[in-house]
Amino acid sequence: MQTVTVLGATGSIGCNTLDVINRHPEKYRTFAITGNGQLELLMQQAQKCSPRFVVVADEARYKEACTLATEYNITAEILCGAKALEDVSCAAEIDTVMAAIVGAAGLLPTLAAVKAGKKVLLANKEALVMSGALFIDAATQSGAEILPIDSEHNAIFQCLPQGYEYGELEKAGISKILLTGSGGPFRERELSSFNAITIDEASSHPNWSMGRKITIDSATMMNKGLEFIEACWLFGASPDDIQVVVHPQSFIHSMVQYVDGSVIAQLGNPDMRTPIAYGLAYPSRIDAGVKPLDFSDMANFSFETPCFTRYPNLKLAIDACREGQAATTRLNAANEIAVASFLEGKIGFTDIAVVNEETLNKMEPVTVSSIQQILEQDTAARAAADQVIRGKFTC
Ligand code: NAD
Ligand code: MG
């Protein structure tokens, strides 16, 4: 029996995780579930999976959560705030943490799980983008097992040879990691009309159903940029080892190319329950409730090279990856501000990349070597991005 904490239970990944867990009550027990808003959903989830703790991230909503818990007859203890998120991620009783909070808010609880040596199912790519080396060092020291949940990284993980040693691509005979991405909803849209892209248009992904922020990141391909950085840290690869391939149908989730000319790919329907189930059961396999691929239904399989004029955020992320930790932390922070501003209607779609680039250009190079310094860079980049937005896009 595995005891699991699900951080970000009310989100897209969180709901899919509970769906897989609920299919296998004999294998998984839920210790804690957490959410920021959507308290009713959180209570409904608690009714179904009976955790010991329900954590509400937003302290201001603690009383409301307690009242709801009584209405829903929840016996779990209700906790709130940042410290509680960390406590349920490193508790002695748990084996596994699903890290599925979105954005920088996931960094500290995910790191708490890593430092406590847990099995960490990593969906929250932003945590790794922000803290790369420190995150990996902490895992090495504690013995935490990091299993990638991002579908591309989960695919790469499945395509690596057994016993792959971190960073030893050459020794393993690997010539390239091929990171696939659909190209999002604007792959074929006239570039001249990008200025007119609406929030609704950017919020509908052709293949995947996901949370709001990652859906916008997929439309700008910043998501692939963050995944590029994530892949470097997860597998000990250098930027030159990774190639982004646009594959609009999203059946191949990524590939590994070997020196003998072989390419190993992982395929499946675009359903996050596959990588979630793989992470939960690794190295075994369990039913995830996912429809099997029907090859008679897959007439088209196409591939393209991403165009940086169409996807300037992808280039910014690859450049930041080459530059180092401060740059990737700043880019992640600026992007969170820019995407939130786009979703509030304050800036246009193409302005997201402008805000990101100008924020990076405004800031002096520094080196970061502690979580404190990383959090300082995150705060400073958010302020700089806000300033860019106020100065440029509001009257
Ligand atoms: P989502 O927006 O659907 O859910 C986010 C979750 O985080 C919710 O439970 C929310 O309450 C919680 N949360 C938000 N702000 C918080 C805060 N300040 N403090 C604590 N909790 C907070 O997002 P999602 O699509 O499920 O994505 C979650 C993570 O997984 C992201 O990092 C995303 O990049 C990654 N991911 C998602 C998918 C996908 O298919 N959705 C695929 C790959 C990776
Ligand atoms: Mg992905």
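In each ligand, atom 1 is the first atom listed, and ligand 1 is the first ligand listed.
From E336, atom CD reaches atom CE of M222 across 10.5 Å, with rounding to the nearest 0.5 Å.
For the Mg ion (ligand 2), the nearby protein N/O/S atoms, meaning those under 2.8 Å, are D150 OD1, E152 OE1, E227 OE2.
Between H24 and Y28, the angle of the ring planes goes over 60°, which puts this pair in the perpendicular group of the 30/60° scheme. F342 and F349 have perpendicular rings, their planes meeting at more than 60° on a 0 to 90° scale where under 30° would count as parallel.
In this structure, E126 pairs ionically with K213, as a charged nitrogen and a carboxylate oxygen lie closer than 4.0 Å. Ion pairing of E64 with R61 is present here, as a side-chain N (NZ or NE/NH1/NH2) and a carboxylate O approach within less than 4.0 Å.
Distance from atom 6 (C) of ligand 1 to its nearest protein heavy atom, with residue and atom name: A100 O, 3.6 Å. Protein heavy atom at the shortest distance from atom 25 (O) of ligand 1 is G211 N, 2.8 Å. Closest to atom 5 (C) of ligand 1 among all protein heavy atoms lies V102 CG1, 3.7 Å.
Of the listed residues (T215, V6, I13), the one carrying the non-hydrogen atom nearest atom 26 (O) of ligand 1 is I13. Nearest to atom 1 (P) of ligand 1 by heavy atom, out of G11, A127, S218, is G11. Among I101, I214, D150, the residue whose heavy atom lies nearest to atom 29 (C) of ligand 1 is I101.
By the criterion of a heavy-atom distance under 4.0 Å, the side chain of A105, and not its backbone, is placed next to ligand 1. Residue-level proximity to ligand 1 for M272 is carried by the side chain, the only part with a heavy atom below 4.0 angstrom. Counting heavy atoms under 4.0 Å from ligand 1, residue A123 touches it through both backbone and side chain. Of all the heavy atoms of K213, none lies under 4.0 Å from any atom of ligand 1, so neither backbone nor side chain is involved.
Looking at N36 next to ligand 1, an N or O pair under 3.5 Å apart turns up. Ligand 1 has a nitrogen or oxygen under 3.5 angstrom from a nitrogen or oxygen of S12.
The atoms of ligand 1 that sit less than 4.0 Å from any heavy atom of G35 are 11 (O). The E126 neighbourhood of ligand 1 comprises atoms 31 (C), 32 (O), 34 (O), with distances under 4.0 Å to a heavy atom of that residue. In the vicinity of T10, heavy-atom distances shorter than 4.0 Å reach the ligand 1 atoms 8 (C), 9 (O), 10 (C), 11 (O). Near A57, the atoms of ligand 1 lying under 4.0 angstrom from a non-hydrogen atom of the residue are 19 (N), 20 (C).
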Side chain to side chain contact (heavy atoms under 4.5 Å, CB included) between V339 and D217, intermediate numbers included: CA-CA 8 Å; V339 170; D217 283 349; 3.6 Å; yes
Test log, rule ring pair (Phe, Tyr, Trp, His ring centres under 6.0 Å), inputs Y311 and F186: CA-CA 10 Å; Y311 304 114; F186 309 129; 9.1 Å; no
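By the 6.0 Å contact criterion, CD on E170 is open, its count of non-hydrogen atoms from other residues, nucleotides or ligands being 12 or less. Within 6.0 Å of atom CD in E364, 12 or fewer heavy atoms from other residues, nucleotides or ligands are found, so the atom counts as exposed in its surroundings. Enclosure of atom NZ in K315 is not indicated, since only 12 or fewer non-hydrogen atoms of other residues, nucleotides or ligands lie within 6.0 angstrom.
In this structure, Y166 has its ring center no closer than 6.0 Å to that of F235.
Contacts of H253 classified as ring-ring contact (aromatic ring centres under 6.0 Å, His included), with partners at least two apart in sequence or in another chain: W208.
Assignment of K125 to the shell around ligand 1 is supported, since a heavy atom sits closer than 4.0 Å.
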Considering only distance and modelled atom types, tabulate donor-acceptor pairs under 3.5 Å from the side chains of residues 90-107, sequence neighbours left out.
residue	atom	partner	partner atom	Å
D95	OD2	T3	N	2.7
T96	OG1	Q2	OE1	2.7

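In this structure, I252 belongs to a hydrophobic cluster whose other members, linked by side-chain heavy atoms under 4.5 Å apart, are L178, V245, F251, M255, V263, L267, L293, F295, M298, F301, F303.
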